[in-house]
There are 2 protein chains.
Amino acid sequence: MESVSGAARVRRHEDVKSAARVLEVLELLGAEGARLSLADMASTLAVPKSSLHAVLRTMESRRWVETDPSGTLYSLGLKALLTGTAYLESDDLAGIAGPVLDLLAEETGEAVHLGRLDDTDVVYLAKRESRHALRMYSAVGRRLPAHATALGKAILSQYDAAEIQRRLNWPLPALTPSTVTDPDELLAQLADARKRGWAQDEGESSVDIRCVAVPLGTGHGGGDAISCSAPRSRMDDARLSEIAVHVTEAAHSLRTLLRRLGEH
Amino acid sequence: MESVSGAARVRRHEDVKSAARVLEVLELLGAEGARLSLADMASTLAVPKSSLHAVLRTMESRRWVETDPSGTLYSLGLKALLTGTAYLESDDLAGIAGPVLDLLAEETGEAVHLGRLDDTDVVYLAKRESRHALRMYSAVGRRLPAHATALGKAILSQYDAAEIQRRLNWPLPALTPSTVTDPDELLAQLADARKRGWAQDEGESSVDIRCVAVPLGTGHGGGDAISCSAPRSRMDDARLSEIAVHVTEAAHSLRTLLRRLGEH
DNA sequence: CAACGACATTCGGTCTTCTGAACGCATCGG
DNA sequence: CCGATGCGTTCAGAAGACCGAATGTCGTTG
């Protein structure tokens, strides 16, 4: 080893290369919902084909990825199903939130979400549909930029301006024409939300969808929130205020349940 | 390890060690639904602590695992949520099965499942509750031994005796007193199921639950099936036959839809 | 209060994996 | 029919991970 010559005394903690690559492959296949070739992934991840080949063979033999009949396109394997549901089961909040979300969905008749901050995104942990629960799990696990959703803004409103600057990835991407991308505007909205106790989204993530969200606290290194969303046609300002009360009450119940759980 | 001087001519395709370990950690944390210490995992997986430490640090920095406030107990992280739902979205069958399962659940009023064979287990891909859809996703991703479920027996009935011997892990574990563990008995039941077109489960995975399942084909290296289950009190022999007809029809619809999809 | 135990963490030498450039094998177009 | 392009796959040298033993750190116990 050439460690003699002067530099690099610092010994920063580095990642285990192929461990990181396994996770990157899973994230890539998960994000795209995709079937990708080895060469595609290699160029996307900037990893040599030959190295990725060995990693994929390992993943395939354990059924974490599957290949086409043709053998050239990879997608997620059956084992990948295990972790998602296990995460929800091992999580205290997701475990106890069910009944509270059901109640909120019944009171409001609209879509209800439980979300958690992960870096700059909000991840849906649970969902209740406004009416019938078709393909309910399709949204769980999905992520949206925090600044473009009521959930994300509710969570961010619990931090001060400096922390918010640090947590977001500037410049902010716009999902719709209404998405707030101006730093000052966003900080002002978050200050409002903090004062008021709830955040809102005016078609900033999906056109014509209004949404109200209330934060639950700053656990897990990120933070959680619950929300209620509906099309503009069913949600005028009066209804929005009314729904905000229901969501706030639900959030209060959840915080109480969580605290009890923490005390054993 | 002891490097045996001179041997190892064969150069078999071996796994990438730390890639395999990442997957083993995910499977361990996923299966136990657990919070485990580094030392626990190291001894369970038979891996040196120091090696596992580096792998876990990599996984933690990417939020695939999280630690306690105390920092000593690991559990699955937020990123783990991504893969499970993405698998379901990328899968043709899971994608189109929704409406068919809904119909079947409505016709029968009972719990409906879509399952897939993975080694010796059946994995639930989708579920419809008999009445209200509370905590619906809790079962998706869960696994049960194939020989103890109607779903598993339906799938296995599509293979011949030799293939069944090969696919199962003998001796068969018993989940309830009724679980079939005798090879001849199981093969006889599977032969019946093949002839009849549907398999059944008489409290073999859960006491007092009867279940009817119909296979969908042998794709994905395993095979798929759908089922309908109910407590014995709501399912006498007459009702069971009646339900078997509904399940068979639903399976027929699904096979047709799948075939169309294959032809573009 | 000190010694213990259980745990995560560090460290350097050895052995493994990683990698760029080669190959084999299809598919496609001229 | 042949060359070109794309893919997955292999290989030996180079680079980095792996592991046992030692250390650091916490909470608990004698």
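Values in this document were obtained by computation on a predicted structure and should not be read as measured data. Sequence lines set the chain letters: A, B, ... in the order given, protein chains first and strands last, and positions in each chain run from 1. Atom set for the values below is all heavy atoms of this structure, side chains included, hydrogens, waters and symmetry mates excluded.
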Atom pair distance, as rounded to whole Å: [atom1] in [X] and [atom2] in [N]:
X       : N      : atom1 : atom2 : value
A:Asp15 : C:dT17 : CG    : P     : 19 Å
B:Arg35 : C:dC7  : CZ    : C1'   : 19 Å
A:Leu73 : D:dG6  : CG    : P     : 16 Å
B:Leu56 : C:dT10 : CG    : P     : 14 Å
B:Lys49 : D:dC18 : NZ    : P     : 17 Å

(request) Identify the two heavy atoms, one from B:Thr58 and one from A:Leu23, that lie closest to each other, and give their separation to 0.1 Å. (result)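 Nearest pair, atom of B:Thr58 first, then A:Leu23: O-CD1, 4.3 Å.
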
(request) Kindly say if A:Arg57 contacts the phosphate of D:dT10, meaning a side-chain N or O under 4.0 Å from OP1 or OP2. (result) yes

(request) Please state whether the phosphate of C:dA8, meaning OP1 or OP2, lies under 4.0 angstrom from any side-chain nitrogen or oxygen of B:His53. (result)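 So the side-chain polar atoms of B:His53 never come under 4.0 Å of the phosphate oxygens OP1 or OP2 of C:dA8.
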
(message) Set out, in order, the CA-CA distance, both residues' side-chain angles and the distance that settles salt bridge (charged side-chain N to carboxylate O under 4.0 Å, His left out) for B:Arg57 and B:Glu60, then state yes or no.
(response) CA-CA 5 Å; B:Arg57 200 168 44 200; B:Glu60 189 183 7; over 6 Å; no

(request) State, without any angle test, whether A:Ser205 and A:Thr149 hold a side-chain donor-acceptor pair at a distance under 3.5 Å. (result)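 The answer is no; no qualifying pair exists.
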
(request) Taking atom types as modelled, find out whether B:Thr83 and A:Thr83 have a side-chain donor-acceptor pair closer than 3.5 angstrom. (result)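 Side chains of B:Thr83 and A:Thr83: pair found under 3.5 Å.
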
Any side-chain heavy atom of [X] sitting closer than 4.5 Å to one from [Y]?
X        : Y        : answer
A:Asp224 : A:Leu254 : no
A:Val22  : A:Met59  : yes
B:His53  : B:Lys49  : no
A:Leu151 : A:Leu144 : no

(message) For A:Trp170 and A:His147: C-alpha separation, side-chain torsions, deciding distance, then whether side-chain contact (heavy atoms from CB on, under 4.5 Å) applies.
(response) CA-CA 11 Å; A:Trp170 309 90; A:His147 70 280; over 6 Å; no

(message) What contact category does B:Ser51 fall into here, base, sugar-phosphate, or nothing, at under 4.0 angstrom with non-hydrogen atoms?
(response)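 Base, at least one base atom sits under 4.0 Å.
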
(message) For a quick check of understanding: with a heavy-atom distance under 4.0 Å over all strands, which category does B:Ser50 fall into, base, sugar-phosphate or nothing?
(response)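 The answer is base, as B:Ser50 lies within the cut-off (heavy atoms under 4.0 Å) of a base atom.
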
(request) Using heavy atoms and a sub-4.0 Å distance, could you list which residues of residues 17-26 of chain A are near DNA chain D? By number, please. (result)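 Only A:Lys17 qualify.
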
(request) Name the residue closer to the 5' end of DNA chain D, choosing between A:Tyr74 and A:Val16 according to the nucleotide with the nearest heavy atom. (result) A:Tyr74

(request) For DNA chain C, find the residues of residues 37-46 of chain A with a heavy-atom distance under 4.0 Å and give them by number; none if there aren't any. (result) none

